[in-house]
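Reading through the structure tokens given below for one structure.
Being a predicted model, the structure only gives us computed values, none of them experimental. Counting convention: from 1, in listed order, for ligands and their atoms alike.
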Amino acid sequence: MKSFFFVVLLFCTQPIFAQELIPEIKGDSIIYHLTVSEIEVNITGKTRMAMAYNGRIPGPTLRFQEGKHAVIRVKNDLMMETSVHWHGLLLPNYMDGVPYLTTPPIKPGTTFQYDFPLIQSGTYWYHSHTGFQEQVGVYGSIIVDPIEQSLEYDHDLVLVISDWTDDNPARIMKNLKRHNEWYGVEIGNAPSLLESIRSGTFSSQFEMWKMKMPGMHISDIPYDAFLLNGKQEIEYPHFKPGERVRVRVINAGASTYFWLQLAGGHLNVVSVDGIDIEPFHTEKVLIGLAETYDFIVTIQEGKSLEFRATAQDITGSASAFLGKGERMMASDIAKPDYQALGKRMAQMHSMDDHDMSLKAEEDGIMSVNPDFDPHAHHNMEMKNEPMPMDHNDHTADEMDHHNHQEMTGTMDSNMEDHTMHSMNPTTPMNMWNVDYDFSKIRAKESTVIHSADSIRSLVFNLTGNMWRYVWSINGETLSGSESILIKKGEIVQVTLNNTTMMHHPMHLHGHFFRVLNGQGERSPLMHTVDVPPMSRVTIEFEANEEKDWLFHCHLLYHMMAGMTRVFSYEDSQRDERLAPYPVATLYNHDKTWFTWATFSVASHYGVIDLTHSNTYGQVNGLLEYGLNNEFEAQLDYERFIGDFTRWYAGMYTESHSDNEFELDEFTGVIGLRHLLLYILDIDFQLNSKLNPQFGFDSHIPLTQRLMLNSHGEYQFGNKSGEFLFNSSDYQFDTEFEIGLEFLLNEQFSLSSSIHNHYGFGAGLDWRF
Ligand SMILES: [Cu+2]
């Protein structure tokens, strides 16, 4: 009978939108069928292959009811594996959909049945957790209706936001790894020396280069379109004046935060991450990746209200128009001033004593646990008795004090809140968020965890290397980490300390955590939290599960680059059904090799420069051939021994015009390279004849598209081929080149240079 009422609820009281799928109802089970397949799409005027659920982007809305049982049969019609993660839903570990960790991958041609009880209500979503599939369309929305409805409204409207690129995401990742500067030109955030001098921000630009960062970033990837329910613009004219629409917004983008706005006024926020909160009004909301926000919008007479999602870097937006009549537009958001942001960033960095990382020594963890080893992540915890909770809010000024207390373990009754995140409008930490006060989010009732036996406090420095595009936690990618052991019954408290200049939306599978945002006992519960640049957010959750759960940055390219950890419950066995699916497959993701090359043809010489690279090291091959018949080649393998330092070993050969293109024998080389500034890489080399060599490569963006490149090598040695120390005829051999390069597009540059061996010339560079 109950099912019957649910069906009535589905089909009568709520209008069915095109994207909603009609389920099969069997007893208490609500059954859906999803098929993942490749489809052709045309979003920007170019036909592209995408992947989709049931042939549409986004996939259909799956509507469930709290207290029932969800059954979803997912058929894989792709040529590759897939998976589905039910984002925000609390479910048995085996149903979580992280392939090789909790759930088997869905092999091509097979069907996997997910089934789990529905123990919550709200707005959620589902997406592939395999490779880059989420970027190409494999996501959809979930509504779970509550047993008892507490919000008053007339209609539901799901708006799934996403970012679209015509490019292949694996190619995008390669471009990020090789720091292809064209992306910065397209986004408008590429650094420019002349612009920084003109705007008086040269010192901060230089500070950024010292920090080994190119310049200020909000986003990494230029997108071709931003979409609401798969469209750049979409209309919902059938809503009647006076009707209240519950707009359920899901950020299903792969790497874009969005500003949300409604025409003519304020957003009435009623629910965040699926959970109803104390409603509040705000002019706009910054929605992080994978977050969901519900708003109640009242339709106006004779007006069509624009609901706009603008990419945080203001490179584009998507709009939905609600109601019928004259269009009312939301206001435009100003473009980011990257020079000013960079200046602010550099100031904050110098304020923070040049190192944002929370270190064991500084924070006193040593005094609690003398065996503490910052590299052994499983050991990076301290235990405390349950803390007495009180519910004072603290200003940012108190924060350092409290953080210190937390780390030294002298927990006092003020321990509850220590979030630096946007708490106080005067704190520099909210520079990116001035228009959106995250601390407004307040739970409807107390979320204090009472049942815990103990507290485990962890510090996760969110770390990254823009130069190599490696993203990590405490300096380690997933492949270099061990799982973090937690124990059922304890409170796990994690201080997320963002040392980077990018936002990281951190998502925990299988649990909701309290975000200690200054709301005391009514700290909101969330499944994904935004950690803004250079700021700290503390979350805590009750360890009430079993087995392994993923914790990661939901920015797809950060996750794939390694910003991921696994929480493992102690004394919990891996599911036997996972035996054929080794977890190493997941761990090894960030060890993927990327290969790229640059091929330059100029009137004076040609170069092939080849790189085969992963998180830990790379193979470099360089072949130079001058029209004067001089020839030079080097092949080496370099291994990273720090973020920016590499040792290398390889072979070198050259031939000079005086010996008529006769190859010298190959010489063994070993050396050390170090990125001194983002724009300057230095190289010390010793060859097998013990001839030392110093080299440098400098790459200065004069403007966003015009680069000043220089390269030099200075070698002590002799040409007779004898050991340096046996020889009396020391020579000082110099190679030097300086030139200009103008970026034409992602793949091509015009270049000209003067080289002390090859002379002057000009030509074309091709990156592939
Ligand atoms: Cu991230």
Exercise. Among N189, T310, I187, whose side chain to side chain contact (heavy atoms under 4.5 Å, CB included) with T315 holds?
Worked result: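 The single option meeting the side chain to side chain contact (heavy atoms under 4.5 Å, CB included) with T315 is I187.
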
Exercise. Is any side-chain heavy atom of W259 less than 4.5 Å from a side-chain heavy atom of K284?
Worked result: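 Touching, per the 4.5 Å side-chain cut-off.
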
For this session: Classify the side-chain pair T463/T499 by whether it contains a donor and acceptor separated by less than 3.5 Å.
Result: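 Looking only at side-chain atoms, T499 and T463 do not form any donor-acceptor pair under 3.5 Å.
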
For this session: From the options H527, H85, H127, H504, select the one residue that forms a ring pair (Phe, Tyr, Trp, His ring centres under 6.0 Å) with H554.
Result: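 Of the listed residues H527, H85, H127, H504, the ring pair (Phe, Tyr, Trp, His ring centres under 6.0 Å) partner of H554 is H127.
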
Exercise. Counting only N and O atoms by type, is there a donor-acceptor contact under 3.5 Å from the side chain of K212 to the main-chain atoms of L677?
Worked result: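 Flag not set: sc K212 to bb L677 has no pair under 3.5 Å.
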
Exercise. Can you count the protein N, O or S atoms that lie less than 2.8 Å from the Cu ion (ligand 1)?
Worked result: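 My tally for this metal is 3.
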
Problem set entry | Residue list, side-chain hydrogen bond (donor to acceptor under 3.5 Å, both in side chains) with T564, at least two apart or on another chain |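 In terms of side-chain hydrogen bond (donor to acceptor under 3.5 Å, both in side chains), with neighbours along the sequence ignored, T564 is linked to no residue.
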
